[in-house]
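The first residue of the sequence shown is numbered 1, and numbering continues consecutively from there.
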Amino acid sequence: MIYDPSYTAVVIFFLFVGFTVGLSFYLGSKAKSSAGYFAAHGQIPWFINGIAFAGDYLSAASFLGICGMIAAYGYDGFLYSIGYLAGWIVALFVIAEPMKRLGKFTFADALDAKFNSPGIKAAAGISTLIVSVFYLIPQMVGAGVLIQPLLGFPHWVGVVLVGAVVITIVVTAGMLSTTWVQFLKGSLLVVFSTVLVYFVLQEGFRVDRDSFQVIGPLANAESPDAIANAANRKLFQPVNRAATLDGWDQSESYIRFASDADQGFDVYKIETREDGLYLLEGQSQTKLNDGETLIGGVSLGREEGQRTLRPGGQLIQLPDEYAGPDGSATETGPLGPIEFFDVLRRSEVMLWGSDRLEHSDGSTTMVYFQKPTAGSRVLRPGEHPRFAGIRSGSWTDRINFLSLMLALFCGTASLPHILIRYYTVKDGAAARKSTIVGIASIGFFYVLTLYLGLGAMVSGTLDVTNSNMAAPLLARGISSLLFAIISAIAFTTVLGTVSGLILASSGAVAHDLLGGVMGINFSEANQVRVAKLAAVVVGAIAIVLGIVFQGLNVSYLVGWAFSIAASANLPALVMLLFWKRTTAAGIIASVCVGMFSSLGWILLSADTFGKVYGIDPASSPIPFSQPGIVTIPLALATLVIVSLMTGKDAETA
């Protein structure tokens, strides 16, 4: 889609960003020491820290990715919310107080509290960097996604902009500014998401059968010419540049008709049903070898003779009790929170699928087609390909699903930027209280995502090429002011999460790797300077990766970070707390095996082959894409075996 920038959104956006940067400079004077830079002197109030937990955790994946997955597939996107939230139980009952008691600045501090081992600091520091970088990718992708409709800039401009702002936040005041940014954006995100859900319920559901056409049933229409005659349309004859698509309209799945304006073509998906042949209007986007983009065979744009993709997201049938005087049901009016789901369950919605077509000249076409879907299917699990294992008879599908949920459950309490927040409060009791506040805030927000995603599904505002924009575009369909506020808050969400990740990474470099492993004795001032330099480097890497991975769903990308964190960090941390025979060598081996096995599994998986490398997924040597169900037990077994082999004498490895 082509997005027109909103001037209101631009003003509010820069007000948010300006206030955030100004706050960082103001707080910078209070964070000169390493204790101030890395842990805010341990003086953050527990309630503020709890909301900051929510700010840290409610990232681009939670707001953009989950809402987008729910809008595109239904309930399945909410399974991510369940997995994310369940992991906080581990954080509350297992991790919170011990982390505060054991550590000082970084995750490595906690693992190494009993051993004083350079090896542990090295393994934990590298793990922190890898997990943080993988978590940074979806945040930066989300930043680029937001900038397109907000300011009208290309994706890469948004990535560079958020990178520059975040680096400024981190190098000015460290954890102190990061905490207050997280508190503000966590509070605003929950409040304004609640407001948006209120408007969704007040709007209710409205039938839209006019935006996209359905032709049928057609009888005895076997050839393209016969189909065209039955549909009373002219077949499209490719000319000039569109000749690269020659023969496409003769395929078994699609047919092209000349557009009413005689410019380009309209594409329809051919679907055979019991009562005859149906044609479902779709959309096509072609990338030519010279870089030009065609929509329906003509140039992308808003000028005369150009076309742009239209928004999707329609509800096509309501229950009979909402029928008007003419017997047709057109809208429901305001709905209650429970009634919302009941009405949707008995309705029919139009979801969207996509096909990628390769042409002989090397150009490619993405075809976006309608998928009429019963509301009852939207509200049941297992519709998304990634969650097919819930109902699939395939053992690999089932294991893949279980592996993903295990990674989400175990990964929360293993994320470095979450763990270091326990050092910002004064004691273990405050750490526990802040975790409870975080759970309450996060849980309430995740309930809201279900309404937001389903509301976006039938809003008529969906970008069929990019599910990540579902929530902001839903807000734009209601009010330009609400869109401006929601988009600015979403952007601040990215700022806060990225700043926490970069802070964790800079601490790993300055405190763990250079100080703990290489033995460089920095003064407090120099340690902070090195951490700030590391923040700049990590921020630059994040910018590059955010541009490279454009287009992938951010929630999907976050699953990678959770898998690596759960495999590398959690077994070592839990066994250190609860098994007295744990040795330094066991921790080092566990972190390394978990980290590299999960990373290798992800890089060799079918999903990565197809979506990142552009290679046939069938050539992947990995039977299923999610590694957690293999790599988490592997790391745990490694720790036990190595600890038993090395014994108590190896505690200073």
Does any non-hydrogen side-chain atom of [Y] lie less than 4.5 Å from one of [X]?
X      : Y      : value
Leu415 : Phe562 : yes
Ile564 : Tyr135 : no
Phe483 : Ser479 : no
Leu462 : Pro311 : no
Leu184 : Phe19  : yes
Arg346 : Ser376 : no
Leu351 : Tyr73  : no
Thr332 : Pro319 : no

- With Glu331, which residues qualify under salt bridge (charged side-chain N to carboxylate O under 4.0 Å, His left out), at least two apart? Arg206
- Message: Over 60° means perpendicular and under 30° means parallel, so tell me whether Trp352 and Phe212 are parallel, tilted or perpendicular.
- Response: perpendicular
- Please work out whether the ring planes of Phe78 and Tyr75 are parallel, tilted or perpendicular, with thresholds of 30° and 60°.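 Because their plane-to-plane angle lies in the 30° to 60° range, the rings of Phe78 and Tyr75 count as tilted.
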- For the ring pair (Phe, Tyr, Trp, His ring centres under 6.0 Å) test, which of Trp46, Phe47, Trp88 pairs with Phe53? Trp88
Check [X] against [Y] and note the closest heavy-atom contact, atom names and distance.
X      : Y      : result
Leu454 : Val378 : CD2-CG1, 3.7 Å
Arg377 : Thr373 : CB-CG2, 3.9 Å
Ala470 : Ala456 : O-CB, 3.8 Å
Ser354 : Phe369 : N-CE2, 3.5 Å

[X] (side chain) donor-acceptor with [Y] (main chain) under 3.5 angstrom:
X      : Y      : answer
Gln285 : Thr293 : no
Tyr451 : Pro337 : yes
Gln182 : Ala52  : no
Thr449 : Cys67  : no
Asp320 : Tyr322 : no
Gln283 : Arg310 : yes
Asp76  : Gly382 : yes
Arg209 : Ile316 : yes

Roughly how far apart are [X] [atom1] and [Y] [atom2], rounded to 0.5 Å?
X      : Y      : atom1 : atom2 : value
Thr194 : Leu448 : OG1   : CG    : 4.5 Å
Ile502 : Ile167 : CD1   : CD1   : 5.5 Å
Leu196 : Ile478 : CG    : CD1   : 5.0 Å
Ile12  : Ile485 : CD1   : CD1   : 5.0 Å
Phe409 : Ile89  : CZ    : CD1   : 7.5 Å
Ile44  : Ser434 : CD1   : OG    : 11.0 Å

- Show your reasoning for whether side-chain contact (heavy atoms from CB on, under 4.5 Å) applies to Phe401 and Leu79. CA-CA 10 Å; Phe401 170 72; Leu79 290 174; 4.0 Å; yes
- Message: Could you go through Tyr422 and Thr435, starting from their C-alpha distance and side-chain angles, then the distance that decides it, and tell me whether this counts as side chain to side chain donor-acceptor pair (under 3.5 Å)?
- Response: CA-CA 9 Å; Tyr422 285 114; Thr435 304; 3.0 Å; yes
- Chi angles and distances behind the side-chain contact (heavy atoms from CB on, under 4.5 Å) call for Arg476, Thr461: CA-CA 8 Å; Arg476 188 168 71 174; Thr461 62; over 6 Å; no
- Message: Does Leu318 form a side-chain contact (heavy atoms from CB on, under 4.5 Å) with Thr330? I'd like the steps, not just the answer.
- Response: CA-CA 7 Å; Leu318 280 169; Thr330 57; 6.0 Å; no
- Query: Given the rule in the side-chain contact (heavy atoms from CB on, under 4.5 Å) test, do Leu335 and Asp342 qualify, once you have shown the distances and angles that lead to the verdict?
  - Reply: CA-CA 10 Å; Leu335 297 171; Asp342 179 60; over 6 Å; no
- Partner of Arg421 under side-chain contact (heavy atoms from CB on, under 4.5 Å), chosen from Val425, Thr424, Ile418: Thr424
- Task: For atom CZ of Phe199, decide whether the heavy atoms of other residues, nucleotides or ligands shown that lie under 6.0 angstrom number more than 12.
- Result: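 For Phe199, atom CZ is not crowded (no more than 12 foreign heavy atoms under 6.0 Å).
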